Amino acid sequence: MKINVLAFGIAKDIFGGAATDVELAEKATVTELRTSLEAQYPRLKQLASYMVAVNNEYATADAVLQQRDEVAIIPPVSGG
Amino acid sequence: MKINVLAFGIAKDIFGGAATDVELAEKATVTELRTSLEAQYPRLKQLASYMVAVNNEYATADAVLQQRDEVAIIPPVSGG
Amino acid sequence: MQPDLLRYSCQMALPGFDEGTQDLLQNARVLIVGTGGLGCPAAQYLAAAGVGTLGIADFDTVSVGNLHRQVLFTPEEIGQMKALVACEKLQRQNPGIKLVPHVLKVTSANVMELLQEYDLVLDGTDNFDAKYLLNDACVLAGKPLVYGAIYQFEGQVAVWNVKQQGSFSPNYRDVYPEVDASQVPNCTEGGVIPTLAGMIGCMQANEVIKYITKTGDVLAGKMLLVDAQTMLSRIIKIGAVTKTSITSLSQTEEVPTVSPEELQQGLEAELYELVDVRSLAEREAFDIGGEHIPLAELDEEFHLTTEKPVVFYCASGKRSAEAVKRLQKRYPNRQMISLDGGLKAWLEQL
Amino acid sequence: MQPDLLRYSCQMALPGFDEGTQDLLQNARVLIVGTGGLGCPAAQYLAAAGVGTLGIADFDTVSVGNLHRQVLFTPEEIGQMKALVACEKLQRQNPGIKLVPHVLKVTSANVMELLQEYDLVLDGTDNFDAKYLLNDACVLAGKPLVYGAIYQFEGQVAVWNVKQQGSFSPNYRDVYPEVDASQVPNCTEGGVIPTLAGMIGCMQANEVIKYITKTGDVLAGKMLLVDAQTMLSRIIKIGAVTKTSITSLSQTEEVPTVSPEELQQGLEAELYELVDVRSLAEREAFDIGGEHIPLAELDEEFHLTTEKPVVFYCASGKRSAEAVKRLQKRYPNRQMISLDGGLKAWLEQL
């Protein structure tokens, strides 16, 4: 299945846009999404941590994704 | 059909809460919604004008309501 | 880098921003009407960001009840003209911009001339008469109006009358053709959380910067609603093009007023009849005498039984002004007067 | 009404607010760490609303690059201690509250003692080390932390570590267990729109007021995201209870620094080696000499070929501090130094 992933903060720079598509197997988990994204965008892994939100909820590593989920990558932000 | 109507601003005071239910005929228009609400809550009519938003969009007088629409009453606000 | 650009380096580093963007801000002329809860933060951020010409229109003086949300002012400045205090502080904050105080009440008689000097207006007013006046004047002048309004925990933001492909985006009258002001409490009566004023004022300044720098999506044809209790917000789509036709300004109605001091002296000399138009709950908490007729019951309950001028009072002077307007129509040859600033001013000044 | 309550009458008129609510605010002790883009507006509104004790912790001085978004400061105050300037102005804004300046860098050595005097902390810091330190310290002290962070046009707000039914709501490490600070640009590098700082700072103050007065829904177990370009926002649910276990503070790493003036003199006397760790684009725009190795390539490309101390520089001093931390581990017996404040400070001070 193809998942559309929304980018926030520095993830916009990393993806080169406000969203990106990821091709995943059916019933893929958030961990598999992270692995796939990090393979495509190595800078994402270098952040050390970033939040994955699914339908506006923090998604744990083993959460299973559905085709129609709204997935957002929300990296940390430090400015003040 | 029963429509759940969300209240903003002074409409919360007028409805006595953050939402109210209105019983309308199938395919009722926004004008019919206004008439019904104003019969139930005369103070609403005294405002002279208030916005009805359906699914986060300004609804004109002749717009037809559906059972599952999200309807909001947004009165004017003057503070600064 | 030049010292004046060093000040702006953290905003010039933004994607879509550069020295040219800063020039757009420096060349912009923005009029802020009202330096209350919305105007104070909006003015601070527009001055900070380097808007080259900032006009500040306000005829009012600083009062103690302003200080919980109007962060430009201190207790030392109570009684001073807000527009002058604001301009002096903003000038110190950014000596590289031009501040223009307008110590006047914006009315149908002066608004068109005032707007000539500016590219865009920010609505920091706190009453419907002023909001409609600014709206209609901006439509007539073809200039955008960055609107904001607050009540208790809820705020609204929009940018009215933006020229897009030869037509204009909706304005305030597309959403609210007219309002009975007496039916909607203001901040004095219903209260307002100060931080909401800060948020909405900053959002208005943000729309101004987006409009001037041609970055981001301006809230044209849309209205943002913000709830400070839940921090939920929503954007209501209004439409692409205005459906209103505004061809002239409504004349600003003059309401005769009396100051608390004049009223006190007048009552001692038995010169006035007095009517309290507040609610029963307000009446029971505190009053300065007179007959009690809530504004909503005025049309039925008020009967003129005296030759003396009648002074109406409420908490802020807003409902009493509305009472005067209504009774002037009913009794065109008799003197109807509003207590200026209401009981708030009475308690502060006496 | 007493004159001190008259100041707050427009917020005491709010539903759910009264004199008792105002007492809660008057008795509250809030520590604001960092008086930058977030701390300035937050402090203004908490002072205005009558928070009785406001601590202001900042070790930094006002610089010209602050002024586009840090609205408490004017060019006349460049070089003065932010905490002192802020306290003086806030005291004038509200003489009825107690202002406590803390002119110090908050570190693992002093944070626990500092927190003892306060009920709640507002995070106005601008770097990850400080954000993790405040988070961990608040968890250890069992006190809530009102978090805010901004970058370019986007902001985040949350309230961490709120005690609810015997357990604590999530904290920063629930969302971001750790961060490689060198991979996330700060406001100096990526820019920030000043009005966003105002909005987020006001939202933080708003959460503080809601928490203290027990009104509204505090953003506990949630994180608010705000986009100033579109004004779309969303609230992400994090969960009800923290899943982290924080038992001690990470030691604050000391990074040796050199001021621009010392560096200039040292370079003339050939005392230092110099390394620029910025990007190629930044290097091409302007440099002060030295070898060029972008931070991301430091681990592979940096080879020590000198006996002299090595000074690293970047735009703000942030990436160069990160470079020093990394190379101190690789060369524990050699002197690695960061240019304090980066090229920004160099250009401002020389």
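Below, read A as the first sequence line, B as the second, and so on, with proteins coming before strands; counting in each chain starts at 1. What you see is a predicted model; the values in this text were computed from it and never measured. Below, each value reflects all heavy atoms present in this structure, side chains not excepted, and no hydrogens, waters or symmetry copies.
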Could you tell me whether the side chain of [X] and the main chain of [Y] form a donor-acceptor pair under 3.5 Å?
| X | Y | value |
| --- | --- | --- |
| C:Tyr151 | B:Ser78 | no |
| B:Ser49 | C:Glu178 | yes |
| B:Arg43 | C:Gln183 | no |

Heavy-atom nearest pair, C:Gln156 first then B:Val77, reads NE2-CG2, 3.9 Å
Minimal non-hydrogen separation, C:Tyr172 against B:Pro76, with atom names: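 Result for this residue pair: OH-CB, 4.0 Å.
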In terms of heavy-atom pairs under 4.5 Å, which option from C:Lys237, C:Lys131, C:Lys243, C:Gln152 contacts chain B the most? C:Lys237
If you count heavy-atom pairs within less than 4.5 Å of chain B, which of C:Leu38, C:Val175, C:Val179, C:Val184 leads? C:Val179
Top of B:Ala59, B:Pro75, B:Ala53 for chain C proximity - count of heavy-atom pairs under 4.5 angstrom: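 Ranked by contacts with chain C, first place is B:Pro75.
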Look up atom NZ in B:Lys12 and atom CD in C:Glu154, then write down how far apart they are to the nearest 0.5 Å.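 Going from the NZ atom of B:Lys12 to the CD atom of C:Glu154 covers 4.0 Å.
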Using a 4.5 Å cut-off on heavy atoms from C-beta on, say whether the side chain of [Y] contacts that of [X].
| X | Y | result |
| --- | --- | --- |
| B:Phe8 | C:Arg234 | yes |
| B:Met51 | C:Ile236 | yes |
| C:Tyr176 | B:Ile74 | yes |

Applying ring pair (Phe, Tyr, Trp, His ring centres under 6.0 Å), can you list everything that pairs with C:Phe302, at least two apart in sequence or on another chain? C:Phe312
Chain B contact via [X] - which portion, at a heavy-atom distance below 4.5 Å:
| X | result |
| --- | --- |
| C:Asp123 | neither |
| C:Val192 | neither |
| C:Lys222 | neither |
| C:Ile200 | neither |

So for atom NZ, which belongs to B:Lys45, do other residues, nucleotides or ligands contribute more than 12 heavy atoms lying within a distance under 6.0 Å? no
Structural part of B:Asp13 lying under 4.5 Å from a heavy atom of chain C: side chain
